Structure formats: structure tokens, C-alpha cells
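Can you keep this structure in mind? I'll have questions shortly.
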2 protein chains.
Amino acid sequence: MSITMHDVARVAGVSIKTVSNVINDYPYIRAETRQRVLDAIDSLGYRPNLSARGLRSGRTGVISLIIPDLRNAYFAELADSVMRAAATKNLSVIIEQSGDDRETELALLRGPRMQMVDGILYSVLALGEDDAHLLDDIRTPMVLLGERIFHGPTDHVTMRNTEGARAATEHLLSLGRRRIVALGAHRGEVIGSAGLRLTGYAEALAEAGIPVDDALIGEVGGWFRSGGAQAMKLLLDSGVPFDGVVAFNDSIALGAMRILQEAGLRIPDDVAVIGFDDIDETRYTLPTLSTINPGRDEIARVAVDYLVERISNPEAEIPPREYLAGFTVVQRESTTIVAP
Amino acid sequence: MSITMHDVARVAGVSIKTVSNVINDYPYIRAETRQRVLDAIDSLGYRPNLSARGLRSGRTGVISLIIPDLRNAYFAELADSVMRAAATKNLSVIIEQSGDDRETELALLRGPRMQMVDGILYSVLALGEDDAHLLDDIRTPMVLLGERIFHGPTDHVTMRNTEGARAATEHLLSLGRRRIVALGAHRGEVIGSAGLRLTGYAEALAEAGIPVDDALIGEVGGWFRSGGAQAMKLLLDSGVPFDGVVAFNDSIALGAMRILQEAGLRIPDDVAVIGFDDIDETRYTLPTLSTINPGRDEIARVAVDYLVERISNPEAEIPPREYLAGFTVVQRESTTIVAP
DNA sequence: GTTCGGCTTCACAACGTTGTAAAGTCGCAG
DNA sequence: CTGCGACTTTACAACGTTGTGAAGCCGAAC
């Protein structure tokens with residue numbers, strides 16, 4: 001039914017191994033033979049069976065990207081970056097959504113699907129330090145994205161969370177803001193993104209000699225618009241005064257901005273707002289949103305590079321690596337005071 | 001190195017075929033034997049080699065979703081819906097980005113990757129009617145999403161573009177708006193989404209006895225925020241008066257809203273705006289954006305169902321099917337006049 | 001007590017590819 | 001003209017799974 005190497009070999013008048021050699025760029029082939037094979041491939045429309053190749057060679061050319069949810073703009077853009085980086089290495093990407101759910105993450109990691117991929121890019125969310133041992137028996141090369149929750153034998157690529165949040169906070173301080181809200185905290189969390197960013201926020205305040213006011217720290221469970229909106233509502237209702245907001249991601253910032261504007265507060269005049277992630281839409285909101293660009297392309301590129309390295313040298317006992325991408329403060333209207 | 005059926009068979013004291021039978025739920029197995037095999041699988045941590053299974057059975061359990069760009073919220077949400085629908089059928093999804101580029105779309109369709117998937121969900125953008133023959137020799141089951149550009153042997157699942165645009169326009173008309181802008185037209189296009197939506201817009205105006213004014217039709221190349229912003233700028237500069245905007249997708253609408261607000265126009269008081277697609281963020285903008293919900297989940301579900309049907313009955317010559325999902329008008333603040 | 005049919009298990013041969021190792025060809029140095 | 005090495009091609013055996021078909025077992029029907 002389907003066209004195989006045997007067909008090509010027959011048409012070209014060579015053995016199947018020669019066809020295989022041509023396809024795999026084996027150097028010692030007569031130019032004329034190579035051409036005959038290529039012609040046969042063309043005229044028959046032959047395409048290699050990747051299952052067979054995968055079976056024989058142990059490589060499928062597919063990597064898996066595990067993220068919580070594609071509807072979250074940050075992860076959609078991350079997926080985009082990863083796919084572009086993977087494309088340059090001739091890899092396809094299977095995206096799996098964990099929904100930020102512990103059981104789902106575990107099921108994905110241990111499921112048979114992981115058997116079919118050469119490597120895993122795993123954006124950890126729901127698993128914690130205590131679960132590190134669960135990854136021990138996973139033999140597929142893996143690179144963790146986002147916060148290092150495990151200290152396993154895997155590479156780890158992420159952004160400078162603490163420094164980024166610190167820079168964001170310093171940016172607001174430089175505008176003269178002193179009552180700065182942190183939006184997106186997770187009560188009790190220290191080692192995840194929320195914890196690290198909160199640390200950066202506190203560091204910046206400390207350096208400026210401003211005490212951290214618990215009333216200015218807004219919890220947001222899921223980092224979506226709705227969470228930002230809800231937290232901001234609570235804050236406004238509480239009556240606590242503030243003149244700046246550091247949101248731990250852009251979605252939270254946008255949700256909060258919406259509530260601020262509804263309440264008649266001007267951005268940035270009354271409240272300056274800065275987000276995190278530099279997702280595309282921050283360029284088009286009103287006002288446009290200042291944010292921290294976390295170096296997503298760089299993260300994706302390095303992560304794929306690390307993975308490819310481990311995939312192509314399965315023997316080489318490469319020690320776990322850590323890579324921290326650079327970030328930049330992107331100033332837009334939400335923190336730019338226009339002289340009247 | 002890796003654990004195979006042979007290992008399981010040895011531990012369980014049965015033949016590999018029996019192990020295979022257990023895994024594939026073959027009914028005639030003694031309960032005690034089945035249990036012994038399951039125990040062996042468990043204790044060894046055996047997971048089937050999907051490449052081998054794919055080679056032997058011709059099925060990989062993976063489908064491919066070809067979309068232009070994941071950074072576009074509509075497609076990210078579509079991908080999410082497709083992945084959820086696929087998960088219920090135990091299928092993994094490889095996402096390929098075509099970048100709305102003809103050559104890339106062709107390369108993807110003909111590339112070796114397509115050899116490895118059981119089916120293709122193809123969101124056509126760059127290929128046109130004239131390219132229909134290019135799909136003739138693609139044997140993999142395929143379902144087209146979005147506008148039917150080909151009249152090939154494939155199924156086709158889409159929304160009611162014309163009716164949706166018509167309903168959106170009628171919605172603005174019902175608010176008493178008479179000078180309604182259409183944003184997102186593609187000059188000369190008739191059969192794509194842009195053409196169909198423009199037709200719906202024109203139909204609604206005709207029914208209301210309003211002539212179509214060319215000056216109110218805004219071209220937008222790529223349907224992104226930037227395009228909507230740019231087109232709206234041109235429109236404002238032209239000085240043409242208008243009191244409503246039907247944008248052909250939400251991104252365009254949001255870009256346009258941003259420019260309208262910058263220009264000091266109130267939404268919806270001065271200009272009512274309605275979009276298309278009901279992407280998540282329309283719920284959190286200021287004002288929230290009225291839009292057409294295109295039934296994305298329904299589209300994804302039906303598309304995957306069609307694909308699965310064709311995958312599981314490769315012989316059955318199922319005639320090409322057409323499915324039009326239902327849509328709803330979602331009224332939000334951008335078209336809701338609040339009594340003063 | 002023989003036959004039949006349902007249950008249970010298994011040996012064997014694929015699926016399409018690539019790694020191994022070896023056989024052949026050829027030109028050139030010895 | 002022999003031997004050597006570089007080039008060129010090939011046969012064969014995997015890789016791990018499932019489809020085919022057949023064998024063995026057992027109780028029920030004749």
C-alpha cells in the first residue's frame with residue numbers, strides 16, 4: 001500500500017541499503033547512483049516511515065512540551081518559541097497540557113506517550129520538592145522550564161525571577177511610588193515563581209528603606225486575568241491606599257488594570273502598573289503595559305539546545321546545568337507620566 | 001536496555017503474545033494469567049514501545065494540527081480545544097505552525113512528519129483553490145478547519161461566517177447605529193473568512209436598507225492587534241464619520257478600540273464595537289468586548305470525531321462531509337449603552 | 001468414547017528501517 | 001603483476017510489536 005525503500009530500490013536498481021545510505025547522507029556513494037536513487041524517490045513520492053526509523057534507531061525526532069494551559073498567553077508564546085527553536089533542529093513538538101494538576105502531570109510523565117519522544121521540556125507547576133524521587137526512573141532526557149522545584153539530575157532553564165521582580169519594583173520606586181502593591185503572591189510558597197518574585201519585590205523595598213506592608217500583598221491563585229481582577233477588587237474594597245502595582249504576570253496586571261479603571265483611577269497618574277512576561281497584547285492595551293521581558297526566545301533556544309545535546313549523547317554523563325536568561329524592563333505607558 | 005514484552009513474558013512465565021493480548025484487552029485470557037502479566041508489567045515498569053506498535057499496526061496515535069501561529073489567541077484557544085477533544089480519544093497532538101506562508105504550508109503537508117501521524121487537522125490559510133490538486137496525493141485522513149478553499153475529498157468543519165457577521169452587524173443596527181465600519185476585509189477575497197464575513201456585513205446592511213459605503217470598509221492584512229490599530233488610525237484620519245465597528249476578529253477589535261480610546265472616543269457611546277471569536281481576554285478589557293462566539297469547542301470536537309472515524313475505517317469510502325458549528329452573539333459592554 | 005466447539009495459549013512471520021560486516025571494484029605504489 | 005587502501009555496494013540481522021493460524025485443553029452433546 002504505502003511506498004517503501006524496497007520500491008525505491010527496485011526502481012533505482014540498487015539495494016535497499018543503498019537507498020538508506022542516500023537518505024542518510026552516507027558519503028561513499030557514486031554521484032550517478034545517488035541521482036538515480038533520488039530520481040526514484042521523487043517519481044514514486046517515497047517518504048520514509050518514521051515509525052520504522054524510530055524503532056530501528058531509537059529516535060523519533062519528536063519532543064514533548066508539557067505546559068499547564070495553552071490558553072494562558074505566556075505559555076502560548078513560550079510554546080511558539082519552543083516550536084521555532086525545535087524546528088531549527090528538525091524536531092517536532094507534541095504539546096501536552098497538564099492543567100496545573102498534580103495527577104495529570106504525573107500521568108503525563110509516566111504515560112506511554114513519553115515513551116515515544118526523544119526528550120521532554122517540562123514546565124513544572126504542580127509537582128513539588130517532595131516529588132523529586134518520582135522523576136528518578138524517567139530515562140528520557142528532560143529539561144525543566146520555569147522554577148526549579150526539583151534538584152534532580154535534569155537541566156534547568158529559567159529567568160531571573162527575583163532580579164526581574166526587583167527591577168520592576170525599582171522601576172516604580174524610581175517614579176516616586178512608595179505604596180506599591182505586589183499582586184500574585186502564593187501564601188507560604190518560597191521556591192516557585194511567586195515566591196521568588198515576592199522576594200525580589202521585598203528586596204527592592206528594603207533597599208529603598210520601605211517596610212513591607214502585608215496589606216499591600218495580594219494573593220492570586222491562578223495567574224489569570226480573573227485572578228488579577230478579583231485581587232484588585234479586594235484591595236480597593238479594603239481601602240488601603242497605594243500608588244503602584246507590581247503584578248507577577250501580565251494577565252494579572254491586565255485584570256487589575258481593568259478594575260482600577262472601572263473604579264475611576266488613572267493609570268499611571270494615580271496608580272502605576274507593571275507586569276511580567278511581555279506578552280504580545282501588552283503593546284495594545286490602553287494604556288500599554290510596562291512589563292519585564294523574560295527572554296522567552298533565549299529560554300526556548302537554550303532549553304532545546306540542552307535537550308538536543310543530551311539526546312545526541314545519551315552516554316555522556318553531562319552534569320545538570322542551570323541557565324538563567326537575561327531580562328529587560330520594558331517601559332510603556334502604564335508607568336510613563338506624561339507632563340500635563 | 002529498555003524493558004520489552006519479552007522481559008514481561010519471561011517474568012510472568014508466558015509467551016510475548018499473551019502479554020500483547022493482555023495489553024490489547026483480548027477477551028480470552030484466564031483471569032489468573034492476566035493478573036500475573038499485569039503484575040509483571042507493574043513490577044518491571046514496562047511501557048510499550050510506540051514506534052514498534054506504530055510500525056506493526058500502522059497507527060501512531062498522533063494527529064497533527066496545522067495552524068498559522070500560536071501567538072494568535074484564536075488559534076491558541078483552538079489548539080487547546082483540539083487537544084482536549086483529542087485527549088478523550090487517546091490521541092496526542094503535534095502542532096505545526098505554518099506562519100500563514102504558502103511554502104511552509106506545502107512543505108508541512110508533504111514533509112516526512114505527516115508520514116508519522118494518523119490524521120491531519122489543517123487550518124488552511126495560505127493555499128488557495130488552485131492548489132487543491134496538491135492535496136490529491138495525500139493519503140493521510142484530513143479535516144479542514146476554517147474556510148473551505150478546496151473542494152477536495154476532505155471533511156470540512158467551520159463556523160457560520162456569513163451568518164455570524166450578519167448577526168454582529170444586526171446587533172449594532174439594533175442599537176440604532178447606521179454608519180457601521182467593517183474592519184478586516186481582504187481586497188478581492190470572496191471565499192475566505194474575510195470575504196464571507198464581509199458578505200454577512202453587507203447582507204445585514206442591505207436588509208436594513210443601508211447602502212454599503214466603501215469608505216467604511218477597512219482592510220487589515222494580518223488579523224492582529226497591530227492591523228486593527230493601523231486600520232482604525234487610517235479611518236480616523238480620513239475623517240469619515242461612523243458610530244459602530246464590526247471587526248472580523250477580536251484582535252482587530254482590540255487594536256481598534258485602543259486607537260478609538262486614544263482619540264477620546266467613548267465606547268460604546270460614540271462608537272459601538274463588536275468582534276469575532278470570543279477569545280478569553282474580551283472578558284477583561286475595558287470596556288469588555290461584545291463578540292461572536294464561533295463554537296470553538298464544538299468545531300474541535302466534531303473535527304476530531306470526523307478524523308477518528310476516517311482513521312478507524314480507512315476502507316470505508318465516507319463521502320466528504322461539511323459541518324457548520326452554531327454561533328452565539330455575546331453582548332458585553334462595548335455594545336451596551338448604560339442609561340445615564 | 002468420540003466429536004464438537006469454546007476457551008486459552010503460543011510459534012512464527014511480518015511491519016520498514018538502519019547497523020554491521022563483508023564483498024567487490026578500482027587505481028596506484030611497490 | 002601484486003597488494004593495498006580508498007571507494008562503493010550489498011546481504012543479513014536486528015529493533016519491539018501485533019496478525020495469523022494452529023495447537024492443546026476441557027466439558028458437553030451425540
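Just so you know, these numbers come straight off a predicted model, no measurement behind them. Proteins get letters first, then strands, A, B, ... in listed order; numbering begins at 1 in each.
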| task | State whether R30(A) places a side-chain N or O below 4.0 Å from either non-bridging phosphate oxygen (OP1 or OP2) of dC7(D). | result | no

| Can you tell if the side chain of Y122(B) reaches within under 4.5 Å of the side chain of S64(B), non-hydrogen atoms only? | no

| note | Of the candidates dT17(D), dT8(C), dT10(D), the side chain of Y46(B) sits closest to dT17(D)

| Taking the side chain of L55(B) as heavy atoms from C-beta outward, which of dC10(C), dT8(D), dG16(D) is closest to it? | dG16(D)

| task | Determine: side-chain N/O of S57(B) to OP1/OP2 of dT18(D), distance under 4.0 Å, yes or no. | result | no

| said: Side chain of P48(A), heavy atoms from C-beta onward: which of dT17(C), dT9(C), dT10(D) has the nearest atom to it? | reply: dT17(C)

| Once you round it to whole Å, what is the distance between P of dT17(C) and CZ of R53(B)? | 21 Å

| request: Would you check, one step at a time, whether the test side-chain hydrogen bond (donor to acceptor under 3.5 Å, both in side chains) holds for E309(B) with N313(B)? | output: CA-CA 6 Å; E309(B) 240 179 277; N313(B) 300 9; over 6 Å; no

| said: Just N and O in the side chain of T33(A): are any of them under 4.0 Å from OP1 or OP2 of dT9(D)? | reply: yes

| note | To the nearest angstrom, the CD-P distance between Q115(B) and dC15(C) comes to 15 Å

| Gap between atoms CZ and C1', on R36(A) and dT9(D) respectively (whole Å) | 11 Å

| remark: Testing dC10(C), dC7(D), dG16(D) for proximity to the side chain of Y28(A), the answer is dC7(D)

| task | Could you tell me which non-hydrogen atom of P319(B) sits nearest to which non-hydrogen atom of D155(B), and how far apart they are? | result | O-OD1, 4.0 Å

| message | What is the distance, to the nearest angstrom, from the CD1 atom on I29(A) to the C1' atom on dT10(D)? | response | 12 Å

| OP1 or OP2 of dC10(C) sitting under 4.0 Å from any side-chain N/O of S15(B)? | yes

| Distance below 4.0 Å between Y26(A) side-chain N/O and dT10(D) OP1 or OP2 | no

| message | Please check: side-chain N/O of R34(B) versus main-chain N/O of D25(B), any donor-acceptor pairing under 3.5 Å? | response | no

| remark: Between CE of M5(B) and C1' of dA11(C) the distance, given in whole Å, is 15 Å

Anything under 3.5 Å between a protein N or O and an N or O of nucleotides 12-14 of chain C, put it in a table, one pair a line.
unit_1: dA14(C); atom_1: N3; unit_2: R56(B); atom_2: NH1; d: 2.9

| task | To the nearest Å, give me how far apart CG (L50(B)) and C1' (dC15(D)) are. | result | 14 Å

| request: Before giving the answer on salt bridge (Lys or Arg N to Asp or Glu O under 4.0 Å), spell out for R59(B) and D118(B) the whole-Å C-alpha distance, their side-chain angles and the decisive distance to 0.1 Å. | output: CA-CA 6 Å; R59(B) 304 256 196 82; D118(B) 293 344; 5.5 Å; no

| request: Ignoring backbone atoms, test whether N24(A) places a side-chain nitrogen or oxygen under 4.0 Å from the OP1 or OP2 oxygen of dT18(C). | output: yes

| Short side-chain N/O contact to dT17(C) OP1/OP2 from S20(A), under 4.0 Å | no

| Sole candidate of L65(B), I95(B), L91(B) that passes side chain to side chain contact (heavy atoms under 4.5 Å, CB included) when paired with M83(B) | I95(B)

| remark: Quick note, H6(B) side chain, CB onward, closest among dC7(D), dT17(D), dT8(C) is dT17(D)

| query | For G13(B) and A52(A), take the nucleotide of DNA chain C holding the closest heavy atom to each; which residue's nucleotide lies nearer the 5' end? | reply | G13(B)

| field | Nearest-angstrom distance from the residue atom CZ of R34(A) to C1' of dT9(D) | value | 13 Å

| request: Indicate the atoms forming the closest heavy-atom contact of A300(B) with A85(B), along with that distance. | output: O-CB, 3.9 Å

| note | Nearest heavy-atom contact between I66(A) and M114(A) is CD1-CE, 4.3 Å

| request: Could you tell me the separation between the CZ atom of R59(B) and the P atom of dG16(D), rounded to a whole number of Å? | output: 23 Å

